[in-house]
There are 2 protein chains.
Amino acid sequence: MTTMTRAKSAAALPINQILDGDCIQVMNSLPEASVDLIFADPPYNLQLKGELHRPDNSRVDAVDDHWDQFSNFAAYDAFTQDWLRAARRLLKPDGAIWVIGSYHNIFRVGAALQDAGFWILNDVIWRKANPMPNFRGKRFTNAHETMIWASKSEGAKYTFNYEALKSLNEGIQMRSDWVLPICNGGERLKDANGDKAHPTQKPQSLLHRVIVGSTNPGDVVLDPFFGTGTTGAVAKMLGRDWIGIEREAAYREVALKRLGDVRAFDKGALEVSTSKRAEPRVPFGQLVERGMLRPGEMLINGRGQMAKVRADGTLVGDGVTGSIHQVGAKLEGAPSCNGWTYWHFRRDGKTVPIDVLRQQIRSEM
Amino acid sequence: MTTMTRAKSAAALPINQILDGDCIQVMNSLPEASVDLIFADPPYNLQLKGELHRPDNSRVDAVDDHWDQFSNFAAYDAFTQDWLRAARRLLKPDGAIWVIGSYHNIFRVGAALQDAGFWILNDVIWRKANPMPNFRGKRFTNAHETMIWASKSEGAKYTFNYEALKSLNEGIQMRSDWVLPICNGGERLKDANGDKAHPTQKPQSLLHRVIVGSTNPGDVVLDPFFGTGTTGAVAKMLGRDWIGIEREAAYREVALKRLGDVRAFDKGALEVSTSKRAEPRVPFGQLVERGMLRPGEMLINGRGQMAKVRADGTLVGDGVTGSIHQVGAKLEGAPSCNGWTYWHFRRDGKTVPIDVLRQQIRSEM
DNA sequence: TCAATTGCTGAATCGCTTA
DNA sequence: ATAAGCGATTCAGCAATTG
């Protein structure tokens, strides 16, 4: 009797609900091998030091929430192994998992996935269209996040809707780098004060692509770090069942309201973000990096004046150092100058505008 | 005597050579803290099946069952920890390392880097302009590889030529995603049969950006998995010293010929743009000492507020006395303020930032 | 004596979205 | 149209002082 009750209760998957509690305990209370897809956005373990201000002295509103604090790598690893074990138990044999992270945590997550027996299918880069710049000029602009897509085990028959993704990508095979905007505007949920309700709300376009690509209608999608419920919202729109787990009451509240407002097959959810494809910008420095022009080589303008190419893509000529545009403008005494058509190089006795090299690069993109 | 001989031999760094042997043993034979940059393209875990050796040189059997898959990861981890430890010993305190990999190995490498005490500065995505498509339509086109850039330890003063990279990118801060073509055409080295000489030859453009960005001319760049020597070739072109380690005779042979054909660019072309931070410091008081500003003269900010210059180079304004930065910050209610661009003075009816006076002093230095 | 901390100086941002 | 806001950030360097 007890066993039956247990079995019965275990069989009842609480779909389309937000569950309250620690995600590991809650996952372990659900029936095993019952979920088709898990999307997880775990804490990143950012280890921020102090405050950061923009050059205009405005303060950067950083992630300093308690749920992102871990004492050390070992503690973070233990946490990761625990929730991954619980997640793996929940997955059907042909189910799959997506995890998103940054360089602070993604290497540890990826290694833990492999150690737990998951089989990595791809790592996918979310390239942000408008990231936060590096204000101090000490590193590269942190312009992407990494997602790992893995099946439950090697050889599993995971779901991959190849043609649907190809259609989303204008008929071209979807690549492992996705250019998508950050979540803001009307999609970004606000609290009563008008502040952002969650510091790291993910854009629906990201989840749209994940769910269209790796589930079918009627599948169950679980998110153990539900936050404001982006995963549930997109799953509902796309006719999938969903389960969210979230321990912060404030987030659950926002998500609950959000999910109530979502309608399946909402037209907005079917819109895919299309990037206005202006002609891609090609920095002059790429001609040097690619060996199309050598550092030390001389460029020539229409009046026979010369300038030398340097290793960092700047020119030196007429006592001036700067971009191809700046040095051209200086020589002409003009306020501006299009260096691409102004400067020429010599090949096989001919004088050719450097713009032909730019066109060559564009044709390869 | 013995000690002297050892010390002497240890001091002799074999620069601009390809060293034959296992990279761990060779690195351990070189003097510690002697290398400025390490660029490493280690073997992928999957490619090591059947060839992987444990640190004790015992051979790891290729295996296909569940448990041995884990032992395979463990062996790869041991190998990674070993060569990273040797690499870290070789690095100068302010040196840095770049490691490139794919999802097969990069997560294990990244975690091992963190565990070894390296401090990750960025993960950088090489977005391939022309990747190999996924022919079977079972996954996303694998269109990128991941590089990790790390300093030897937290707080180290690593080299980062911010302005040079910005110049390479036409005046815009360089991002963490780099779009570069794969290595093909004339750059791709062929063997006697016309087949590619190495399966994973990296493009020179990739190394150009790495070396320009994180070393200075005269620095020593070491590549423990030298292959066909792309790292050495680009280092030589850019006026850096290099050391390659490669245990396959066929690769050493190709690389040796390649390096012989490479010529360094002329010295002037190697100078890169530097940041203003490197410019000599000029105390505000010098403007007063030199008579460029008179004690008692009023400075003005963008909102028309005034402050008086005193003979000791301090300002008085809004009831506050202090440096040009302190009084500016007070007036703005900001945590800090660059007084050089904030304050202006009047000359011939015009309002001019005091920074022009600093620049005038610098030009005379 | 030296490592750790404090405190001062002053250098530093890109593109997209919303108002 | 133009201005303002803002995004998962391991974002300074050095001298003087302290323990």
Side-chain angles (χ1 to χ4, degrees), chain A residues 41-65 67-70 73 76 100-106 126 128-146 180-188 194-196 198-203 225 227 273 275-276 281, chain B residues 114 118-123 149-151 153-158 160 162-163 166 169-176 275-279 281-285 313 322-326 328-329 334-343 355 358:
Chain A
D41 183 10
Y44 284 13
N45 191 22
L46 287 182
Q47 309 161 68
L48 301 178
K49 290 296 188 291
E51 291 215 320
L52 179 66
H53 291 85
R54 298 188 177 80
D56 65 4
N57 277 322
S58 63
R59 184 177 160 278
V60 173
D61 186 13
V63 175
D64 55 1
D65 306 75
W67 47 255
D68 197 46
Q69 311 296 326
F70 292 86
F73 281 134
Y76 189 81
I100 184 168
S102 69
Y103 67 84
H104 310 84
N105 71 325
I106 198 65
W126 170 28
K128 299 180 185 181
N130 48 339
M132 174 115 64
N134 185 294
F135 298 114
R136 296 283 185 173
K138 289 297 177 183
R139 304 183 180 188
F140 300 97
T141 307
N142 215 343
H144 74 276
E145 290 187 29
T146 300
L180 294 170
I182 288 168
C183 178
N184 51 19
E187 189 186 322
R188 189 75 192 240
D195 297 326
K196 54 193 180 191
H198 192 284
T200 69
Q201 186 182 340
K202 296 292 175 290
F225 307 96
S273 67
S275 60
K276 319 161 219 170
R281 200 174 57 86
Chain B
Q114 292 178 313
F118 288 98
W119 190 248
I120 297 182
L121 299 167
N122 276 114
D123 59 338
W149 174 41
S151 61
S153 57
E154 184 180 1
K157 292 173 204 153
Y158 55 91
F160 184 56
Y162 175 74
E163 292 293 339
K166 196 170 167 179
N169 199 30
E170 279 217 327
I172 294 170
Q173 189 174 80
M174 188 74 81
R175 300 169 41 120
S176 60
S275 78
K276 291 173 193 159
R277 187 174 286 145
E279 293 187 87
R281 212 186 86 124
V282 176
F284 175 72
S323 72
I324 52 174
H325 316 291
Q326 288 168 335
S336 66
C337 168
N338 182 353
W340 290 106
T341 53
Y342 181 79
W343 291 110
D355 203 32
R358 178 168 67 161

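Every chain is numbered from 1, with letters handed out A, B, ... down the list of sequences.
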Just to be sure I understand the rule, does Trp119(B) reach a base, reach only the sugar-phosphate, or reach nothing, if contact means heavy atoms closer than 4.0 Å?
base
Would you say a side-chain N or O of Lys138(A) is under 4.0 Å from OP1 or OP2 of dA11(C)?
no
Heavy-atom nearest nucleotide on DNA chain D taken for Leu121(B) and for Asn184(A); more 5' hit belongs to Asn184(A)
Asn142(A) CG to dT13(C) P, in whole Å, measures 17 Å
First encountered from the 5' end of DNA chain C, between Gly171(B) and Gly186(A)
Gly171(B)
Does Arg188(A) put a side-chain nitrogen or oxygen below 4.0 Å from OP1 or OP2 of dC16(C)?
no
Asn57(A) vs Ser336(B) side-chain heavy atoms within contact, under 4.5 Å
yes
Stretch residues 52-59 of chain A: residues that reach within less than 4.0 Å of DNA chain C through a heavy atom:
Arg54(A), Pro55(A)
For Gln326(B), what residues pass the side chain to side chain contact (heavy atoms under 4.5 Å, CB included) criterion, not counting sequence neighbours?
Ser323(B)
Who are the salt bridge (charged side-chain N to carboxylate O under 4.0 Å, His left out) partners of Arg59(A), not counting sequence neighbours?
Glu51(A)
Set of side-chain hydrogen bond (donor to acceptor under 3.5 Å, both in side chains) partners for Ser176(B), sequence neighbours left out:
His144(A)
Using a heavy-atom cut-off of under 4.0 Å over every strand shown, decide if Gly50(A) touches base, sugar-phosphate, or nothing.
base
Set of residues satisfying side chain to side chain contact (heavy atoms under 4.5 Å, CB included) with respect to Asp64(A), sequence neighbours excluded
none
So Asn134(A), base contact, sugar-phosphate only, or nothing? Heavy-atom distance under 4.0 Å.
base
Taking any heavy-atom pair under 4.0 Å as a contact, classify Asn338(B): base, sugar-phosphate, or nothing.
base
If you look at every strand shown and take non-hydrogen atoms under 4.0 Å, does Pro42(A) touch a base, only sugar-phosphate, or nothing?
base
Tell me if the side-chain of Lys202(A) makes a donor-acceptor pair with the base of dA8(D), cut-off 3.5 Å, by modelled atom types.
yes
Given atom CG of Asn130(A) and atom P of dT13(C), what is their separation to the nearest angstrom?
18 Å
Pull out every protein N or O sitting under 3.5 Å from an N or O of nucleotides 3-9 of chain C, one pair per line with the distance.
unit_1 : atom_1 : unit_2    : atom_2 : d
dT9(C) : OP2    : Gln326(B) : NE2    : 2.9
dT9(C) : O3'    : Arg281(B) : NH1    : 2.9

Under the criterion ring pair (Phe, Tyr, Trp, His ring centres under 6.0 Å), I'd like the reasoning laid out for Phe284(B) against Trp343(B): C-alpha separation, chi angles, the key distance, then a yes or no.
CA-CA 11 Å; Phe284(B) 175 72; Trp343(B) 291 110; 9.3 Å; no
Verify the stacking flag for Phe135(A) against dA12(C): centroid separation must be under 5.5 angstrom and the ring planes must differ by under 30 degrees.
no
Return the polar atom pairs (N/O with N/O) between nucleotides 15-19 of chain D and the protein under 3.5 Å, or none.
none

What pattern of brackets, bars and dots sums up DNA chain D from 5' to 3', given Watson-Crick or G-U wobble pairs under 3.5 Å, [ ] for crossing pairs and | for another strand?
.||||||....||||||||
Can you tell me which nucleotide in dC14(C), dG10(C), dA8(D) comes closest to the side chain of Lys128(A)?
dA8(D)
Residues at least two apart in sequence or cross-chain that pass salt bridge (charged side-chain N to carboxylate O under 4.0 Å, His left out) with Asp355(B), listed by chain then number, are Arg358(B)
Using the salt bridge (charged side-chain N to carboxylate O under 4.0 Å, His left out) criterion, which residues pair with Lys128(A)? Sequence neighbours excluded.
Glu145(A)
Rounded to the Å, how far apart are Glu154(B) CD and dC11(D) P?
8 Å
Tell me what Thr141(A) touches on the nucleic acid: a base, only sugar-phosphate, or nothing, going by heavy atoms under 4.0 Å.
nothing
Quick one: label Leu46(A) by what it contacts on the DNA or RNA (base, sugar-phosphate, nothing), any heavy atom closer than 4.0 Å.
base
From C-beta outward on Gln173(B), which listed nucleotide comes closest to its side chain: dG10(C), dT13(C), dA8(D)?
dT13(C)
For Ser102(A), which contact category applies under a 4.0 Å heavy-atom criterion: base, sugar-phosphate, or nothing?
nothing
How do Tyr158(B) and Glu145(A) order along DNA chain D: which one's closest nucleotide is nearer the 5' end?
Glu145(A)
Does dA12(D) have its OP1 or OP2 closer than 4.0 Å to a side-chain nitrogen or oxygen of Lys157(B)?
no
At less than 4.0 Å, is any side-chain N or O atom of Lys166(B) found next to OP1 or OP2 of dT13(C)? Yes or no.
yes
Just to confirm, is there a sub-4.0 Å distance from OP1 or OP2 of dT13(C) to any side-chain nitrogen or oxygen of Tyr162(B)?
yes
Look at all strands and tell whether Ile120(B) reaches a base, only sugar-phosphate, or nothing, counting heavy atoms closer than 4.0 Å.
base
When you compare the side chain of Gln201(A) with that of Lys196(A), does any pair of heavy atoms fall below 4.5 Å?
no
Side-chain donor/acceptor contact of Asp41(A) with base of dA8(D) under 3.5 Å
yes
Which residues satisfy the side-chain hydrogen bond (donor to acceptor under 3.5 Å, both in side chains) test with Ser151(B), sequence neighbours excluded?
none
In whole angstrom, what separates Phe160(B)'s CZ from dA12(C)'s P?
13 Å
Who are the salt bridge (charged side-chain N to carboxylate O under 4.0 Å, His left out) partners of Glu154(B), not counting sequence neighbours?
Lys49(A)
